[in-house]
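Chain naming here is simple, since letters A, B, ... match the order of the sequence lines and numbering starts at 1 in each. No hydrogens, no waters, no symmetry mates; every other heavy atom, side chains included, goes into these values. Bear in mind that the values here come from a model prediction, so they are computed numbers and not experimental data.
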2 protein chains.
Amino acid sequence: MTVTTPLGFRAAGVTAGLKPSGKPDIALVVNDGPTFTAAAVFTENRCKAHPVLWSEQVCKDGQVRAVVLNSGGANCYTGPEGFQTTHASAELVAEKLSATAAAGVEPTGAIDVAVCSTGLIGDQLDRPRLLAGIADAVAQLDLAGGTAAATAIMTTDTHSKESTYAGAGWSIGGMAKGAGMLAPSLATMLVVITTDAVLDPVGADLALRAATGVTFDRLDSDGCMSTNDTVLLLASGASGVTPSHEEFTTGLTQVCHDLGQQLIGDAEGADHDIAIEVVNAANVQDAVDVGRAIARNNLFKCAVFGKDANWGRILAAVGTTQVAFDPTTLDVAFNGVWVCRNGGIGESRDLVDLTQRKVNVTVDLKAGAETATIWTNDLTHAYVHENSAYST
Amino acid sequence: MTVTTPLGFRAAGVTAGLKPSGKPDIALVVNDGPTFTAAAVFTENRCKAHPVLWSEQVCKDGQVRAVVLNSGGANCYTGPEGFQTTHASAELVAEKLSATAAAGVEPTGAIDVAVCSTGLIGDQLDRPRLLAGIADAVAQLDLAGGTAAATAIMTTDTHSKESTYAGAGWSIGGMAKGAGMLAPSLATMLVVITTDAVLDPVGADLALRAATGVTFDRLDSDGCMSTNDTVLLLASGASGVTPSHEEFTTGLTQVCHDLGQQLIGDAEGADHDIAIEVVNAANVQDAVDVGRAIARNNLFKCAVFGKDANWGRILAAVGTTQVAFDPTTLDVAFNGVWVCRNGGIGESRDLVDLTQRKVNVTVDLKAGAETATIWTNDLTHAYVHENSAYST
């Protein structure tokens, strides 16, 4: 069901007291090998949180033994003290894992421990509580600890997000947190994906970039790019099976897509999940650009909240892009009703029913043969409320 | 006080019945010369409304005799029938002006009549009502008709917007409409500016681009670029005075700034007017890019609505740009309180009072000596309400 489904992984989720709510706030996932292959993608935001700066270094050699994650504080824009907190977290995990390792197992170094943090920006983490919680998490590591870990990384998420994929003799498990501030590159998320397949670092990296490129990178809930986004893939090789690159990438993409849809479906304050499919684009980048321009148009997003199939706002958004299209030939559909034909009035918008949570928008650029889908949410009173009353 | 303040202009505002509210909906401004110099800037949206496509042609030769404006319908994405409506409007103005012209005055052609429309996108205008209203407007043209015209172009505006500038023996008058969907290039606006200064078309064009580039082009209320934006400058030469280029540009910039601030101050549903000043940028474009990234960040805009000096969201927005800066040296102030120093925690955010409508954000990039200001609004419940309940 989760990150401990594949062979070779233990996990834990504990409560360290970082959150005012007293809910679980520290997760630990440990790869027990025999291989420690890893790949990662991080936020493209240039103002990155300390755990991202640290984990980028950890992942550079394609080897990761463990990842420790905390909610209750993003440890972002917290100066040298914040960076030291991240470093101390990795050191403690390494020390405790080494102390409890079976005979003959090579000790873990801090540089093999990735760190992820999520929560408020600009506040220092309570380091003593954090470190005590990490020690507790190591003590509670369990072959069935995946769901506890998935629960401990939640912030405004209303439920934990987990997914698995079963290959032929190997499997993938994943957990994610994220409920807003979803935008590329990567939505605001922490994601840990495990597999017992045998992978080499280059293959793992290629597969992860291929999978996230068409899933997490195409979520755009509110256009806001986060500071802490991390997607980490850990491969234990414990199944002894080496799937083909295509086979593994297919499974990984499926897990990423499933987790991504759970994220968009749980976005803060959203009433609608909107899939914007751009078809007949000259190339995939054009389709992505158009989808993103629509996904970031507040007027369009308000209209969907108001159950109004306002295709004029879609054309106005398409018109802000530089992609190949002719304004006089654009077609737009809501849920299959082509309300705009050739840049003008099409079928009646009264035929469109936007009472369901799922909304499909199709834009036909008539400029080529490529397609891409961007997933977003509507803009609601509840979004404004959550993000004006709650500091992140 | 308005477009009829400069010598050589008559105007009118009448009710044609295009709006369900029964409020005035047609405005006409006529330049009686002796010169008919004109310059214009239009939306950069590639999906333009018919009146923009028409007026671009009208303004190409730098000569415009009159502009007719209607509210109650944007005549946008309305197909060939919509374009014919625009053309018929210009033809009727030309015909009526020619029929009532004093002896010896050259007749007006349709190609000398600009057309502007504002209101719902994707609906046909009621052409018979529109044309009857235009005939009425010509009959009511008056040397004191400016305010009636300014009133007739309002849509969701809560008040009419007018401004004047007094030069040495010459003057400028302006009117504007716009109350949302404000974003570059140009905010969503129709603006007509008149002057009795003697201008040549090249000088008028240069002055207008200089003035709009630092005023209307730096309003970004909600990131949404409109389909109908037009700023039109008409010069009658009736004062006989030829100001220097610098002198005229200064006055024109002042009028554009004043009208722009009236627009942002009347933006749909806004609680706060936010000036984002980016200082010590490597170049002006960097400063504009950073200001715009912040102005378009929904999380930041919600925070201001919640009176929360959330500088972390500002850094996260700055981090999405590609401009020159070092994340570890950024400073951010709210209303003069430097809540972020060197990319980390600065003075207490509790020292910031965001209860006033005016908010000043300063971002110090420490990368050069250039500065730019972008003006925006917060994101509120009322914005969501207006734009989900009201089709534009």
Side-chain angles (χ1 to χ4, degrees), chain A residues 44-48 74 76-79 82 120-124 180-181 222-227 296-300 302-308 310-313 315-322 325 327 330 340 342-345 378-381 383-392, chain B residues 44-48 74 76-80 82 120-124 180-181 222-227 296-300 302-308 310-313 315-322 325 327 330 340 342-345 379-381 383-392:
Chain A
E44 288 183 2
N45 200 306
R46 291 172 61 199
C47 295
K48 298 180 207 296
C76 182
Y77 313 148
T78 46
L120 293 190
I121 287 174
D123 279 345
Q124 295 291 352
M181 207 200 270
D222 67 358
C224 296
M225 190 194 290
S226 168
T227 53
R296 293 183 173 187
N297 187 284
N298 279 351
L299 294 170
F300 161 73
C302 285
V304 173
F305 171 55
K307 303 181 179 63
D308 173 16
N310 196 318
W311 57 269
R313 292 177 179 176
L315 260 60
V318 176
T320 66
T321 71
Q322 298 307 314
F325 74 91
L330 287 174
C340 170
N342 294 316
I345 303 160
D378 52 351
L379 179 55
T380 69
H381 289 295
Y383 177 90
V384 173
H385 179 72
E386 285 209 35
N387 289 300
S388 57
Y390 169 77
S391 279
T392 47
Chain B
E44 288 183 2
N45 200 306
R46 291 172 62 199
C47 296
K48 298 179 207 297
C76 182
Y77 312 147
T78 46
L120 294 190
I121 287 174
D123 279 344
Q124 294 292 352
M181 208 200 271
D222 68 357
C224 296
M225 190 195 290
S226 168
T227 53
R296 293 184 173 186
N297 187 284
N298 280 350
L299 293 170
F300 161 73
C302 285
V304 173
F305 171 55
K307 302 182 180 62
D308 172 17
N310 196 317
W311 57 269
R313 292 177 180 177
L315 260 61
V318 177
T320 65
T321 70
Q322 297 307 315
F325 74 90
L330 287 175
C340 169
N342 294 316
I345 302 160
L379 179 54
T380 68
H381 289 297
Y383 176 90
V384 173
H385 179 73
E386 285 209 36
N387 290 299
S388 57
Y390 168 77
S391 279
T392 46

State the NE2-SG distance between B:H385 and A:C302, to the nearest 0.5 angstrom. 11.0 Å

To the nearest 0.5 angstrom, please state how far the CG atom of B:L330 sits from the OH atom of A:Y77. 8.5 Å

With a 4.5 angstrom heavy-atom cut-off, which part of A:F300 approaches chain B: side chain, backbone, both or neither? neither

Contact check, side chains of A:N298 and B:N387, non-hydrogen atoms, under 4.5 Å: no

As an exercise, state the distance from CG of A:L299 to CD of B:E386, rounded to the nearest 0.5 Å. 11.0 Å

Pairs of heavy atoms under 4.5 Å with chain B: top-ranked of A:V318, A:T321, A:T78: A:T321

Between chain A and each of B:C340, B:G79, B:G343, count heavy-atom pairs under 4.5 Å; write down the option with the most. B:G343

Could you report the tightest heavy-atom contact between A:L379 and B:V384, atom names first, then the distance? O-CG1, 3.5 Å

Does B:R46 reach the main-chain N or O of A:P327 with its side chain, forming a donor-acceptor pair under 3.5 Å? no

A:I121 vs B:L315, test: side chain to side chain contact (heavy atoms under 4.5 Å, CB included). Steps then yes/no. CA-CA 10 Å; A:I121 287 174; B:L315 260 61; over 6 Å; no

With chain A, the option among B:G319, B:G306, B:A303 that has the most non-hydrogen atom pairs under 4.5 Å is B:G319

